[in-house]
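For reference, the structure discussed in these notes is given below.
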Amino acid sequence: MIEAYTHTLLMIDLSRGAIETIPVPDELTRDFIGGKGFGAKLLYDRLSPGTSPYDPDNPLMFMTGPLTGTMAPAMRGCVVTKSPLTNTFLDSYFGGSFSPEIKYAGYDGIIITGKADKPVYIWIDDDRVEIRDAGRIWGTDALDSNEAIKKELGDDTVKIAGIGQAGENLVSYALICCEFNRQAGRGGAGAVMGSKNLKAVAVRGSNPVGVHDPKGFAEACKKAFKELEVSPDVEALREAGTASAVEYANETGLLPHRNYRNGTFEKASKLADKGQRKHLWMGSNACMGCPIRCSKIGAVRTGKYKGIVTDIVEYESAGLMGANLDISDVRAVAHLVKLCDRYGMDSMSTGTVIGFAMEACEKGLIPSPEGIELTFGNVAAAEFIIHAVAGREQGIGELLAKGVKEAAEEIGGEARDFAMHTKGLESPAWGPRGVSGMGLAYMTTDRGGCHQRGFPLAYELAGEWEDTPLDPLAPENKAKLVISLQNHSAGTDTLVKCDFGSFGISTDTYAELVSTATGRKTTARSILEAGERIWSLTRLFNIAQGLDTSQDTLPRRFISEPLPDGPSKGHMITEQDMAVMLQEYYKLRGWDAKGVPTADTLSKLNIEPDS
Ligand code: SF4
């Protein structure tokens, strides 16, 4: 029977140089669908409690979904591993065309374990797989090494996922770069790759992906494209990318400014889409087969950084590398983000780390590096830190390469009060003090404080969700909303779709796509149930790795310092608000008061816990 799964996983053990394929167990496709689900189940089954993220046993898994490589719109790629930043489950997503190429080569996923005894890269050409020497390109940045590998292979259409110097040097928030401008950014998957002495994975595939019911699938695709076409949110993304959110965040008082002390920035408009257009944009760009085309690409046209060719400064980078550091010149922000891309460092975490260092220096807790004024607004200081961290230079580079949580622990005392992270993952560019449900989402996300596993703030600010009135500042009615959004996110992340696809495509249409592509009857309900199952499974994994309820919390600034500006001026999320939301959340999830899934819940979700 022709269908969209290949039912094959490629396993590569770098310690032994062993390469083999194994069939995908039926249980995986039945209960976990693909992407995040496959990764969560495999990680839970394979990794012993307490294993270091840098242990060769920690698998680095590139996973596809059942729709990857088909005509279904707005699909991406997925990496799953244990995070060195949080010591929890990590799934991180990237666009481009690397992931479809895995499918074309004949695999539903690639699982890499072990550690090579010298730098290597992996070359996958359909069923021919080689582990090749990467000594010549070790020490090069993520973009140069991509070009060098293509040159060596004599094919510039090969798709490559690789790391820069930050991954090689085990910077805890190093990313994996896929092609020119797509990154699996959050959580440090690039450092796990570096710990395996693995510079890159290059893939070329020649097998088309079939579908079970071509006519039905074409109809479902037509429906999905239509839903995207008529969505006003998609239209806004196509027009302006995510940078248009800068004005929205500023008006609602959620934009981080000066290490999140404030929620507004008087020069925010310079960082928004219109401000960027004056200096940067030339055209739109898209991941393979995506009609949304949220990505804007171009060159800096004026000033000191003229000539840098770069992707749009998307919202999170504009917020964290711009407003949060009191930098309003978008050309300078583009320069800083491009440096991060080249070194292979998450620009979100980097922006938060630099903001933390600037405040620590202002408070006299760390010294300014020699010859540098480590102050807010100083572009040269931000650039200095990026170079120092990527190179893991003694002193401030070494300190900040560990991420904001560990850096604050090392500095000690007051530094912990303004270390902006949850479970070690640096906070996103949406301060939650005016939207308590967003705070609950950060507290409970499986990979640390993240805005992409549930984004309740839009409903909170609109004042209702499914006919339930919502007060953005109050703790009531937030748990049910957050759980519903998280289940949807985890369920659809099994398809390895782009978050922005969900701005238009309904869950019913996703289900129709999966049913017709795979021949396995899938409904919106079964996708959401898979999401609920995965959420409790990643919770079990995190608990086994040492997580407890004390880490379901927020940075101290959000719970001890009222917002000084914006529409929610004077508000914060109190300890009591947190406790109320969290206990309701645990109860509705079927977890006990300590946040542990109960035996009944596991049985209902068909999860076999490790004994
Ligand atoms: S919406 Fe943007 S990030 Fe998502 S798949 Fe399309 S181009 Fe890629």
Side-chain angles (χ1 to χ4, degrees), residues 34-36 62-79 91-103 159-161 175-186 189 209 221 224-246 273 276 280-298 310-319 337 341 346-348 428-429 450-453 455 458 488-489 492-507 509-510 513:
K36 176 171 187 154
F62 292 92
M63 288 293 152
T64 70
L67 303 175
T68 308
T70 70
M71 270 177 55
M75 293 292 143
R76 303 216 295 165
C78 167
V79 183
D91 57 331
S92 197
Y93 296 80
F94 54 90
S97 47
F98 179 78
S99 193
E101 207 70 18
I102 295 175
K103 219 48 174 310
K159 306 298 182 260
I160 297 172
L175 56 74
I176 298 177
C177 178
C178 303
E179 299 309 302
F180 167 69
N181 58 351
R182 288 289 177 263
Q183 291 96 9
R186 305 240 69 195
V209 176
C221 281
F225 276 93
K226 184 79 197 162
E227 286 173 346
L228 290 174
E229 201 50 50
V230 299
S231 159
D233 293 336
V234 167
E235 182 57 37
L237 272 174
R238 188 177 296 130
E239 173 64 25
T242 58
S244 58
V246 173
D273 52 319
Q276 291 200 30
L280 292 181
W281 291 2
M282 285 165 70
S284 294
N285 191 19
C287 304
M288 189 180 135
C290 177
I292 303 175
R293 300 174 71 77
C294 77
S295 172
K296 310 293 162 210
I297 198 158
T310 183
D311 209 359
I312 184 179
V313 179
E314 47 77 47
Y315 171 72
E316 293 293 332
S317 297
V337 172
D341 289 353
D346 175 16
S347 58
M348 289 176 65
C450 168
H451 65 298
Q452 288 178 295
R453 303 292 174 267
F455 195 67
H488 180 272
S489 161
T492 52
D493 278 346
T494 64
L495 314 179
V496 196
K497 57 89 190 92
C498 176
D499 284 358
F500 301 144
S502 303
F503 283 17
I505 304 171
S506 68
T507 318
T509 301
Y510 277 128
L513 286 164

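Start at 1 and go down the list; that is how both ligands and their atoms are numbered.
Counting only distances under 2.8 Å, and ignoring water, the protein N, O or S atoms around atom 2 (Fe) of ligand 1 are Cys294 SG.
Under the 4.5 Å side-chain criterion, counting only non-hydrogen atoms from C-beta, His451 is not in contact with Asp499. Contact annotation: the side chain of Ser99 never approaches that of Arg76 to less than 4.5 Å [non-hydrogen atoms, C-beta and beyond]. Residues Pro428 and Gln452 have side chains not in contact (no heavy-atom distance under 4.5 Å, counting atoms from C-beta outward).
Under the 4.0 Å criterion applied to side-chain N and carboxylate O atoms, Glu235 and Arg238 are assigned as salt-bridge partners.
Remark: the backbone N or O of His488 is paired with a side-chain donor or acceptor of Thr492 at under 3.5 angstrom.
Checking Thr494 against Lys36 by side-chain atom types alone, no donor-acceptor pair falls below 3.5 Å.
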